[in-house]
Amino acid sequence: MYRFLLTPRWWVINVFTLLAIPVCLFMGSWQLSRFETRVDTHNQQQDDASRERKAAARPLSDLLPVTAKTSGERATATGRYDTTHQLLVPDRRLDGRDGFYVLTLLRVDGDVGGGKGTADGKDGAGAKGEPGAKAGAGAKDEPGAKALPVVRGWLPGDADDPAAAAKVPAPPSGEVTVTGALQASEHQGGDGVSAAGGLPRGQLGMISAASLVNLVPYQVYDAWVTSSQAPGALKPVPPTAAEGTGLDIKAFQNLGYTGEWFVFAGFVIFMWFRLFRREAETARDLALGITPPELAAPTEPGADRTPDDAERTRSPSATA
């Protein structure tokens with residue numbers, strides 16, 4: 001009764017089923033392993049963040065370029081704030097509230113180091129005449145100097161509201177040393193990034209060198225720092241996990257894909273058994289002399305095409 005399994009049609013069905021099930025199971029297991037890797041990375045990042053808060057900050061030059069490993073590490077840079085190019089980054093949420101970042105560019109020297117000034121502009125070991133102060137002061141006019149985008153903090157409200165913008169404290173003058181968490185440049189599609197154009201003057205939708213290159217007359221590092229100390233009414237912006245790590249929306253997409261692939265495997269098995277049962281029932285009916293009904297040609301338009309019950313169950317031997 002099951003000789004139909006040896007027909008070419010069923011050879012194709014069987015081969016497809018035997019190949020599809022392992023592929024679906026493999027893809028589901030792979031997506032699950034990616035989710036588990038994200039979970040492990042997230043736990044490791046939590047441990048690393050606790051250690052980094054206690055660890056001493058490292059010079060920016062030691063951490064560039066930004067990688068998944070160096071992202072979030074404490075970095076330090078010395079220079080002078082460019083008070084003429086302070087920008088607001090709208091539509092940023094913190095603690096469940098809408099607000100905006102305050103970004104100021106720090107003009108640093110080509111070596112990105114040295115200096116022992118403080119974030120409030122007071123000079124320490126990098127005072128006048130010492131190497132740190134010389135590099136920071138000269139960076140403002142050196143052609144090869146770059147600028148480091150520094151998010152000084154976050155404020156609640158709308159960046160378009162003059163009252164909210166008026167609460168932004170002015171950046172300190174003179175040489176400063178900024179310490180904060182190193183972050184990679186943002187890109188379209190990133191968490192919280194606004195890709196909408198037409199922002200007012202003085203606002204920036206995406207923190208990246210590509211976005212800043214047309215707004216400032218000097219080079220910008222392909223990285224940014226969120227300051228660990230926020231002046232005035234500003235609140236420090238916590239660092240974010242590097243892209244492709246941590247428990248973000250893409251991690252849970254991997255978990256969803258895991259379920260989808262396992263469902264596909266179950267669907268292939270279900271369809272195989274359904275086709276098998278239907279073919280087996282047809283073969284059994286033929287063995288019992290029961291044939292599928294044949295439609296009789298209508299004698300006139302509108303005639304009933306459905307055969308009666310006797311015609312439907314009549315065997316070929318009865319018609320002979």
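None of the values given here were measured: they were computed from a predicted structure. The analysis underlying the following values was restricted to heavy atoms, covering all of them including side chains, and did not include hydrogens, waters or symmetry mates.
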Q: Atom CG in Leu87, atom OG1 in Thr104: separation rounded to 0.5 Å?
A: 8.0 Å
Q: Could you give the distance from CG (Leu106) to OG1 (Thr177), rounded to the nearest 0.5 Å?
A: 8.5 Å
Q: So how far is it from Glu175 CD to Tyr81 OH, rounded to the nearest 0.5 Å?
A: 12.5 Å
Q: Do Glu73 and Arg58 have side chains that get closer than 4.5 Å, going by heavy atoms?
A: yes
Q: Donor-acceptor pairs under 3.5 Å, side chain of residues 158-166 to any protein atom, not counting sequence neighbours: which ones?
A:
residue	atom	partner	partner atom	Å
Asp158	OD1	Asp160	N	3.0
Asp160	OD1	Gln203	NE2	2.6
Asp161	OD1	Ala163	N	3.2

Q: May I have the list of side-chain donor-acceptor pairs in residues 4-29 shorter than 3.5 Å, sequence neighbours left out?
A:
residue	atom	partner	partner atom	Å
Thr7	OG1	Phe4	O	2.7
Arg9	NH1	Glu279	OE1	3.3
Trp11	NE1	Leu6	O	3.3
Asn14	OD1	Trp272	NE1	2.8
Asn14	ND2	Trp10	O	3.0
Thr17	OG1	Ile13	O	2.8
Ser29	OG	Leu25	O	2.8

Q: Taking salt bridge (Lys or Arg N to Asp or Glu O under 4.0 Å) as the definition, give me every residue that meets it alongside Lys235, ordered by chain and number, with sequence neighbours left out.
A: Asp95
Q: Would Arg274 and Glu281 count as a salt bridge (charged side-chain N to carboxylate O under 4.0 Å, His left out) here? Give the steps.
A: CA-CA 11 Å; Arg274 183 175 181 180; Glu281 290 176 351; over 6 Å; no
Q: Rounded to the nearest 0.5 Å, how far apart are CZ of Phe100 and CZ of Arg93?
A: 15.0 Å
Q: I'd like to know if the side chain of Thr226 pairs up with that of Gln183 as donor and acceptor (distance under 3.5 Å, no hydrogens or angles considered).
A: no
Q: Please list every donor-acceptor pair under 3.5 Å in which a side-chain atom of residues 204-212 meets a protein atom from a residue at least two apart or in another chain.
A:
residue	atom	partner	partner atom	Å
Ser208	OG	Ser211	N	3.2
Ser208	OG	Ser211	OG	3.1
Ser211	OG	Met206	O	3.3

Q: Is it the case that the side chains of Gln229 and Arg152 hold a donor-acceptor pair, with the cut-off being a distance below 3.5 Å and no angle test?
A: no
Q: Output the distance between atom CG (Leu88) and atom CG (Leu103), rounded to the nearest 0.5 Å.
A: 9.0 Å
Q: What closest approach, in Å, do Val151 and Val237 show between heavy atoms, and which atom pair accounts for it?
A: CG1-CG2, 3.8 Å
Q: Using a 4.5 Å cut-off on heavy atoms from C-beta on, say whether the side chain of Ser173 contacts that of Thr83.
A: no
Q: Among pairs that include at least one residue of residues 255-265, which meet side chain to side chain donor-acceptor pair (under 3.5 Å), considering only residues two or more places apart or in two chains?
A: none
Q: Main chain of Ser33, side chain of Thr37: is a donor-acceptor contact present, judged purely on distance under 3.5 Å?
A: yes
Q: Got a second to check how far Thr282's OG1 is from Arg277's CZ, nearest 0.5 Å?
A: 11.5 Å
Q: When you compare the side chain of Pro149 with that of Val225, does any pair of heavy atoms fall below 4.5 Å?
A: no
Q: Just checking, Arg107 and Tyr218: is the charged tip under 6.0 Å from the six-membered ring centre and within 45° of the axis?
A: yes
Q: Are Phe273 and Val268 connected in the hydrophobic side-chain network, where two residues link if heavy atoms are under 4.5 Å apart?
A: yes
Q: Is a donor on one side and an acceptor on the other found under 3.5 Å between the side chain of Trp154 and the backbone of Leu234?
A: no
Q: Please list all pairs meeting salt bridge (charged side-chain N to carboxylate O under 4.0 Å, His left out) that have one or both residues in residues 202-211, counting only residues at least two apart or in different chains.
A: none
Q: With heavy-atom distances below 4.5 Å as the criterion, would you say the side chains of Val213 and Leu215 are in contact?
A: no
Q: Side chains of Ser228 and Thr179: donor-acceptor distance under 3.5 Å anywhere?
A: no
Q: Any non-hydrogen side-chain atom of Pro238 less than 4.5 Å from a side-chain atom of Leu94?
A: yes
Q: Tell me whether Leu105 shares a hydrophobic cluster with Val102, the cluster being built from Ile, Leu, Val, Met, Phe, Trp, Tyr side chains joined at under 4.5 Å.
A: no
Q: Closest approach of Thr240 and Ser71, non-hydrogen atoms and distance?
A: O-OG, 4.3 Å
Q: State, yes or no, whether a side-chain contact exists between Val176 and Thr78 at a heavy-atom distance under 4.5 Å.
A: no
Q: Locate the shortest heavy-atom distance separating Leu148 from Trp224; write the atom from each residue and the value.
A: CD1-CA, 4.2 Å
Q: Would you mind reporting whether Val168 and Leu155 have side-chain heavy atoms less than 4.5 Å apart?
A: yes
Q: Give me the atom names and distance for the closest heavy-atom approach of Ala230 to Pro236.
A: CB-N, 3.6 Å
